[in-house]
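Worksheet: the structure to be examined is printed underneath.
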Amino acid sequence: SSYGSGDEKLLTKGGTGTKITGIVHFNHRAESHQGFCHGGSMTAVMDDVVGWVAFLATGSCQPWSGFTVQINCALRKPIPVDSWLLVCGTISKIEGRKVSVIATLIDPANGDAVHAEGDGLVILNAGVLPGT
């Protein structure tokens with residue numbers, strides 16, 4: 001596993017390559033089919049990480065400095081209720097005020113099994129990035 005070795009950084013900041021990693025607990029309130037989480041809860045987590053990593057595009061956290069305009073999420077594997085997973089978002093491209101992000105939802109306890117993959121687009125408010 002690439003996570004849990006102690007060498008990884010949970011947060012890198014500023015520009016393309018900016019990355020955040022967080023821990024997610026899917027409890028009984030996310031349940032849909034008996035024993036499994038609703039795909040909407042998975043997608044909501046992906047949406048959240050896309051937005052938060054984009055708020056770090058300047059190198060400092062600027063909450064609510066933009067808005068998500070697109071989320072594409074592929075649900076790869078069902079999540080059993082009461083699972084603890086890792087969500088990761090990375091800025092893949094910045095063009096003016098547009099911040100493109102890729103995201104994954106993985107289970108480090110099961111060989112980094114991928115439960116969801118996605119990408120999103122955030123538009124930062126005017127003036128957040130220099131020259132915008």
Side-chain angles (χ1 to χ4, degrees):
S1 167
S2 58
Y3 297 93
S5 65
D7 295 329
E8 71 280 357
K9 290 184 180 181
L10 296 180
L11 171 65
T12 59
K13 299 189 293 184
T16 301
T18 298
K19 177 179 180 178
I20 60 173
T21 302
I23 300 167
V24 182
H25 178 221
F26 288 91
N27 65 24
H28 70 280
R29 296 173 77 189
E31 189 172 27
S32 176
H33 295 284
Q34 188 172 7
F36 292 97
C37 297
H38 193 284
S41 63
M42 297 166 70
T43 303
V45 167
M46 300 290 273
D47 181 21
D48 212 34
V49 76
V50 164
W52 279 102
V53 74
F55 297 157
L56 291 163
T58 65
S60 65
C61 187
Q62 297 185 33
W64 319 123
S65 57
F67 46 94
T68 304
V69 297
Q70 184 172 356
I71 289 288
N72 301 304
C73 189
L75 307 177
R76 303 284 184 210
K77 183 176 180 180
I79 297 174
V81 169
D82 210 26
S83 292
W84 292 85
L85 303 177
L86 292 178
V87 62
C88 180
T90 305
I91 295 176
S92 58
K93 184 168 50 171
I94 300 174
E95 293 179 339
R97 295 172 44 207
K98 297 177 183 179
V99 180
S100 298
V101 176
I102 56 172
T104 55
L105 186 58
I106 66 164
D107 185 352
N110 284 316
D112 288 343
V114 176
H115 288 274
E117 297 176 297
D119 59 81
L121 178 63
V122 174
I123 306 295
L124 296 178
N125 298 335
V128 172
L129 293 172
T132 64

Checklist entry - Does V101 belong to the same Ile/Leu/Val/Met/Phe/Trp/Tyr cluster as L129, with side-chain heavy atoms less than 4.5 Å apart forming each link? => result yes

Item to check | Heavy-atom side-chain proximity of K98 to I123 below 4.5 angstrom | outcome: yes

Item to check | Shortest non-hydrogen contact between Q70 and N72, atoms and distance | outcome: NE2-ND2, 3.2 Å

Next on the checklist: Please evaluate residues V50 and V99 with respect to the criterion side-chain contact (heavy atoms from CB on, under 4.5 Å), reporting the C-alpha separation (whole Å), side-chain torsions for both, the decisive distance (0.1 Å), and the verdict.
Outcome noted: CA-CA 9 Å; V50 164; V99 180; over 6 Å; no

Next on the checklist: Do I94 and L121 sit in one hydrophobic cluster, given that two such residues count as connected whenever their side-chain heavy atoms are within less than 4.5 Å of each other, even indirectly?
Outcome noted: no

Next on the checklist: Within the structure provided, determine whether V49 and I20 are in side-chain contact (heavy-atom separation under 4.5 Å).
Outcome noted: yes

Checklist entry - Any idea which heavy atoms bring A54 and L124 closest together, and the distance? => result O-CD2, 3.8 Å

Checklist entry - Looking at R76 and E117, what are the two nearest heavy atoms and their distance? => result NE-OE1, 2.9 Å

Distance-only donor-acceptor hits, side chain of residues 77-89, under 3.5 Å, sequence neighbours excluded:
unit_1	atom_1	unit_2	atom_2	d
D82	OD1	H25	NE2	2.6
S83	OG	P80	O	2.6

Checklist entry - What are the two closest heavy atoms between R97 and A126, and how far apart are they? => result NE-N, 3.6 Å

Item to check | side-chain contact (heavy atoms from CB on, under 4.5 Å) between V53 and T90, worked out | outcome: CA-CA 7 Å; V53 74; T90 305; 5.9 Å; no

Checklist entry - Where do T132 and N125 come nearest, in terms of heavy atoms and distance? => result OG1-O, 4.4 Å

Checklist entry - OG/S41 to CG/L105 distance, rounded to the nearest 0.5 angstrom? => result 9.0 Å

Item to check | Set of side-chain hydrogen bond (donor to acceptor under 3.5 Å, both in side chains) partners for N110, sequence neighbours left out | outcome: D107

Checklist entry - Shortest non-hydrogen contact from C73 to M46? => result SG-CG, 3.8 Å

Next on the checklist: Let me check something: do F36 and V24 share a hydrophobic cluster, defined by ILVMFWY side-chain heavy atoms less than 4.5 Å apart, either directly or through other members?
Outcome noted: no

